[in-house]
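For reference, the structure is listed below as structure tokens.
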Number of protein chains: 2
Amino acid sequence: METLKKYVSVKDEDHFYHQGAVELLIFNFLLILTILTIWLFKNHRFRFLHETGGAMLYGLVMGLIIRYVTKSPDVESGTVYECEKLKSGPSTLLINITNQVYEYQYKREISHHNVNGHQGNAMLQKMTFDPSIFFNILLPPIIFHAGYSLKKRHFFRNLGSILTYAFLGTAISCIVIGLIMYGFVKAMVHIGQLKQWEFHFTDCLFFGSLMSATDPVTVLAIFHELNVDTDLYTLLFGESVLNDAVAIVLTHSISIYSPKENPNAFDAAAFFQSVGNFLGIFAGSFAMGSSYAVVHLTKFTKLCEFPMLETGLFFLLSWSAFLSAEAAGLTGIVAVLFCGVTQAHYTYNNLSPDSKMRTKQLFEFMNFLAENVIFCYMGLALFTFQNHIFNPLFIFGALVAIFVARASNIYPLSFLLNLGRKQKIPWTFQHMMMFSGLRGAIAFALAIRDTGSQPKQMMFSTALLMVFFTVWVFGGGTTPMLSWLQIRVGVDPDEDLKARAASQSAPNLDKNTTKAESAWLFRIWYGFDHKYLKPLLTHAGPPLTSTLPEWCSPVARILTSPRAYGDQLKDGDTVYIINNDELTENYESSAHIPVPAQDSTASIQATGKEDIQEGDLGLGGYKLQLEHTAGQPQKNSLA
Amino acid sequence: METLKKYVSVKDEDHFYHQGAVELLIFNFLLILTILTIWLFKNHRFRFLHETGGAMLYGLVMGLIIRYVTKSPDVESGTVYECEKLKSGPSTLLINITNQVYEYQYKREISHHNVNGHQGNAMLQKMTFDPSIFFNILLPPIIFHAGYSLKKRHFFRNLGSILTYAFLGTAISCIVIGLIMYGFVKAMVHIGQLKQWEFHFTDCLFFGSLMSATDPVTVLAIFHELNVDTDLYTLLFGESVLNDAVAIVLTHSISIYSPKENPNAFDAAAFFQSVGNFLGIFAGSFAMGSSYAVVHLTKFTKLCEFPMLETGLFFLLSWSAFLSAEAAGLTGIVAVLFCGVTQAHYTYNNLSPDSKMRTKQLFEFMNFLAENVIFCYMGLALFTFQNHIFNPLFIFGALVAIFVARASNIYPLSFLLNLGRKQKIPWTFQHMMMFSGLRGAIAFALAIRDTGSQPKQMMFSTALLMVFFTVWVFGGGTTPMLSWLQIRVGVDPDEDLKARAASQSAPNLDKNTTKAESAWLFRIWYGFDHKYLKPLLTHAGPPLTSTLPEWCSPVARILTSPRAYGDQLKDGDTVYIINNDELTENYESSAHIPVPAQDSTASIQATGKEDIQEGDLGLGGYKLQLEHTAGQPQKNSLA
């Protein structure tokens with residue numbers, strides 16, 4: 001008997017393993033289908049459905065099958081058992097059932113109203129994986145890849161505008177969505193669909209912050225494929241990358257906003273604490289991410305002789321940046337983003353050519369895989385998540401809110417930016433940016449992080465629908481929209497820069513004047529970076545012995561790479577930026593684009609500095625680019 | 001109050017996420033340390049401690065710290081709660097604790113004697129991750145990489161010997177360990193350390209089979225670095241790769257061996273059922289793995305225009321081969337191994353050059369990471385696993401058993417093989433193979449899969465100690481042993497082959513005779529492969545229109561790749577093997593190696609066919625190489 005039971009238990013366990021395999025197999029199957037579909041679409045140049053949309057569609061169908069076709073073998077779990085002896089939920093529970101001790105692990109807290117809806121289809125439960133997998137494993141490679149593949153030149157040329165959209169724009173979007181949703185919630189309470197005390201203004205703001213994370217991955221993929229105008233691409237890419245970080249920190253700050261008395265009343269102290277939290281978390285995460293990249297001193301180790309070790313170290317340190325930030329209570333996504341940017345700026349120069357390619361390809365691949373897994377999972381979640389609350393009024397409200405919020409982000413900020421920008425953001429670009437306000441992985445991940453209460457469940461279900469809607473409708477409409485707005489495509493980014501430089505070289509006279517009067521802080525930063533940081537951290541740049549003062553020379557000699565003396569002049573990237581002339585290059589070529597010339601050209605100097613106040617947060621060194629742009633004489637804004 | 005509690009729960013959840021981050025961070029930290037150590041060692045050419053040994057050492061130290069330095073915040077979990085209402089353990093349990101419903105997830109069954117030892121350090125529990133992660137995520141890339149990076153030429157030249165060691169040798173090793181352990185168990189019962197009914201002979205055999213999985217990853221890494229003699233390398237590599245697969249299927253077969261009456265008595269029906277299981281599972285897994293690789297028909301899709309998609313598909317299909325086999329109740333490891341071999345043989349030829357490099361580097365990287373994670377985890381497990389049972393007599397018995405078993409595997413089989421082999425396996429090689437019988441990841445993974453009962457826990461603890469001992473002592477002793485045995489190093493495998501071919505070209509006379517009289521089945525397989533399979537599945541080989549009969553030509557024309565007509569002659573690999581002359585090449589060059597000439601040269605033809613009976617299992621097409629070797633006139637066996 002004893003023996004028999006043992007064998008039965010072995011078989012049970014085997015069955016258990018195979019279950020795990022089945023779930024992974026389902027994901028693999030969905031991903032394979034997605035890849036084959038992408039290939040088919042790419043081959044036939046279909047652009048109405050992007051890979052992410054396809055992945056979501058397949059996930060949806062699979063979720064439908066799992067929900068309604070598979071059986072429900074585990075009916076026991078609908079029942080709630082009483083336990084008077086326990087005071088709180090321990091992380092592990094040992095339970096004696098008919099003389100066998102079983103170990104149970106804490107999963108989550110469940111609201112009372114969900115207990116009945118908890119029908120207990122074991123397959124469904126296994127397909128809904130732990131949200132911490134999203135945060136710790138799937139998101140970091142996507143965000144790191146975004147930071148690592150940032151096209152620095154174009155990014156820095158538009159830094160001011162990007163920061164404005166990302167910080168100020170996200171804040172506007174969050175508040176507008178929060179206000180609109182609060183109106184809808186009031187209406188719902190009025191018609192009796194909701195109890196007053198369930199949904200506070202802070203909950204509305206929470207929803208607003210998570211819905212403010214735009215993810216135009218579909219749009220950008222199409223832009224990349226069609227080689228859309230570089231400035232538009234950079235603006236959207238930069239905005240979406242930084243906007244994710246801002247939205248995540250904002251959501252976190254709002255979720256820990258705890259007014260002492262009435263949660264609906266405004267508590268100034270708690271508000272300022274939240275703002276302080278936001279700034280502290282953002283700055284801390286930024287510092288942690290950058291320092292991890294800097295710590296990665298591959299300069300003096302001869303690690304480049306072993307590309308595998310180098311790649312491994314690179315991968316592990318970047319992931320550690322994320323994990324350390326999370327462990328320290330900061331935001332890992334922000335840390336890993338700036339880690340990626342810093343790695344691209346400094347560490348990349350120290351890598352061996354083999355490692356450069358390996359790291360690029362590795363992160364490209366991980367990004368591709370993680371993205372498709374997330375979109376498949378979003379499709380699955382519509383049917384496999386068991387506590388959906390679909391409220392038509394709330395959904396309609398959310399739809400209105402994200403439109404209005406996107407509009408009040410893009411158009412007013414573009415207007416303000418155009419006052420200061422030399423090269424205006426034309427109306428067509430503004431419409432396209434308005435149209436590209438897709439919601440994606442980050443909004444979903446933020447929403448799924450907490451689905452314990454009824455309001456949170458309603459938010460999750462609504463956020464999921466918004467993702468579906470925006471990805472399919474806006475993602476699918478990108479190509480028609482581009483041609484309707486007559487935005488130029490087929491631009492080679494490097495050629496574009498060169499062409500601008502060439503067209504710029506004729507009016508050589510005002511170059512020196514613009515150089516002298518503008519962007520002094522920006523140039524100080526780059527000077528410092530070029531003279532000290534780059535030589536210190538990489539093999540590039542001038543030798544430290546020539547840039548540091550005389551009395552530092554013993555130290556400088558130790559720290560300077562022998563390579564630095566040789567290829568001092570080859571450091572194309574830094575030279576490119578330090579020259580600073582190219583910052584004036586991009587004001588000529590907007591003639592290609594039909595610019596509706598109705599925006600005002602007045603009050604340039606005055607307002608040019610106002611619209612970057614948000615960009616100042618923790619990134620002080622960068623903000624002067626905008627001023628530089630603002631400070632230049634308007635040459636051909638109405639070209 | 002309601003609100004406050006909600007915020008507290010949010011904070012709790014945040015804390016929960018950070019915990020996950022902390023555990024991952026610990027692993028990252030260990031891996032970073034390992035990489036830096038490897039680099040240091042490689043730089044200074046230390047070879048007494050390999051990376052795997054280093055990873056294990058760091059894991060050990062970290063385990064010690066976690067065990068004795070971190071506090072135990074979760075004391076609740078030592079208590080067992082009664083539940084009379086339940087009849088069996090459901091997969092999810094909802095429990096009402098002080099008016100809050102908590103969801104608990106089934107983890108495992110616990111033996112009664114472990115309940116007290118279950119002290120409940122939450123940190124320790126979180127560091128001991130689910131064994132299914134080993135099987136589904138960490139092992140597949142390692143095994144696939146082994147299959148994918150197989151050096152086919154050298155492998156096929158020694159196929160007969162490799163199959164003999166892998167199949168017959170593993171079976172011998174399993175039985176010998178089982179018998180010796182049974183003796184020790186009897187002794188333990190005699191002195192009262194163990195109750196008779198706890199440990200059956202099948203348990204001993206189970207231990208024997210899991211301890212038969214050798215993993216000379218350390219040794220092979222050093223061999224690779226030192227460029228040790230190619231034949232020795234191939235023999236060891238081939239043996240270890242196939243031996244893992246055999247040991248896993250063997251363990252599985254033994255675990256489901258269930259005699260009807262007395263578990264100690266021999267039940268012929270149950271025995272033959274187990275043998276049948278073994279054969280069925282092995283053949284099924286082989287078929288599934290190979291078919292997944294063949295399904296991957298990148299030949300007619302133009303997927304190679306998109307290397308990212310191609311790499312993704314390659315990765316997903318290979319993993320799916322593993323998961324499908326597991327889901328179907330077969331052995332995923334065997335499937336993924338043969339998937340790797342088949343991918344390397346057929347699919348690799350269809351990949352774009354970019355994908356060829358990407359897939360190679362990707363799997364190399366994943367292999368590196370997974371291997372080091374496993375070895376770190378093994379170090380950790382010594383202190384973090386909470387149900388260790390260290391029995392000195394059992395451990396001593398296991399140490400004796402693995403030595404005796406390795407000896408009774410290598411020496412008798414080498415003797416038998418040498419009777420048939422043209423190029424003898426010299427004594428030095430045999431000693432080296434004996435010495436390289438390290439235990440590693442597979443033995444550990446098999447042991448950790450089931451730690452529910454006391455005998456299984458004792459096996460797990462013992463297996464862990466054997467891994468430590470063999471990796472540190474034998475792994476560290478490889479370089480001294482190599483120089484002590486005077487085995488030649490610094491051999492370029494390709495140069496080696498050419499040199500042999502050159503030295504062979506002089507006695508051109510008997511080439512035709514050997515070609516005609518030998519290896520007809522081997523040559524039939526390769527002819528079939530070259531003429532039909534390769535042209536069908538890849539772009540290589542002669543066009544099908546020329547190899548298929550006249551009446552098939554319409555089909556042939558469709559199936560033939562346009563490229564095949566062009567580069568018919570470039571298919572170096574197949575031509576190399578089909579020529580078959582090289583099979584005779586390797587009988588000349590053993591003069592470099594000091595061969596102790598005491599092995600008998602008698603009875604060549606007679607016994608040459610006996611020692612491959614085990615190699616016949618499901619791989620019939622290959623076995624003739626050995627006969628081919630056996631059938632040739634002994635030219636210079638005592639050179």
Side-chain angles (χ1 to χ4, degrees), chain A residues 3 7 9-10 17-18 20-22 24-25 28 31-32 35 38-39 74 76-77 80-83 86 89-97 100-110 115 122 132 136 255 258 263 303 308-309 311-313 316 319-320 323-324 326-327 358 361 365 368 450, chain B residues 3 7 9-10 17-18 20-22 24-25 28 31-32 35 38-39 74 76-77 80-83 86 89-97 100-110 112 115 122 132 136 255 258 263 303 308-309 311-313 316 319-320 323-324 326-327 358 361 365 368:
Chain A
T3 323
Y7 290 124
S9 112
V10 165
Y17 286 120
H18 299 161
V22 170
L24 285 171
L25 194 58
N28 268 14
L31 290 176
I32 290 169
I35 288 182
I38 300 168
W39 167 71
D74 200 306
E76 187 74 77
S77 49
V80 180
Y81 297 94
E82 300 291 325
C83 193
L86 282 166
S91 69
T92 310
L93 202 61
L94 299 182
I95 291 189
N96 193 343
I97 300 167
Q100 275 299 127
V101 181
Y102 295 98
E103 184 180 337
Y104 281 84
Q105 204 167 26
Y106 176 77
K107 207 175 163 196
R108 55 182 173 149
E109 195 185 316
I110 290 180
V115 172
S132 72
N136 289 336
S255 78
S258 49
L303 212 54
M308 168 68 80
L309 297 184
T311 311
L313 199 62
L316 290 171
W319 198 17
S320 294
L323 293 169
S324 311
E326 286 287 309
R358 274 170 187 247
Q361 289 182 350
F365 180 72
F368 172 79
D450 181 9
Chain B
T3 324
Y7 290 125
S9 113
V10 165
Y17 288 120
H18 299 161
V22 170
L24 285 171
L25 194 59
N28 268 14
L31 290 176
I32 290 170
I35 287 182
I38 300 168
W39 166 71
D74 200 304
E76 188 72 78
S77 51
V80 181
Y81 297 92
E82 299 293 324
C83 194
L86 282 166
S91 69
T92 309
L93 201 62
L94 300 182
I95 292 189
N96 194 342
I97 300 166
Q100 276 297 126
V101 182
Y102 295 98
E103 183 180 336
Y104 281 85
Q105 203 168 25
Y106 176 77
K107 207 176 162 194
R108 55 183 174 148
E109 195 185 314
I110 290 182
H112 284 277
V115 172
S132 72
N136 289 336
S255 78
S258 49
L303 210 56
M308 168 68 80
L309 297 184
T311 310
L313 198 63
L316 290 171
W319 198 16
S320 294
L323 293 170
S324 310
E326 285 287 309
R358 272 172 189 247
Q361 289 182 350
F365 180 72
F368 172 78

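Throughout, protein chains are lettered first and strands after them, A, B, ... in sequence-line order, and every chain is numbered starting at 1.
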Chain B contact via A:Phe365 - side chain, backbone, both or neither, heavy atoms under 4.5 Å: both
Atom pair CD1 (B:Ile35) and CG (A:Leu316), whose distance is rounded to the nearest 0.5 Å: 5.0 Å
Rounded distance [0.5 Å steps], CG in A:Asn28 versus CH2 in B:Trp319: 5.5 Å
Largest heavy-atom contact set with chain A, pairs under 4.5 Å, which of B:Leu25, B:Leu31, B:Thr311: B:Leu25
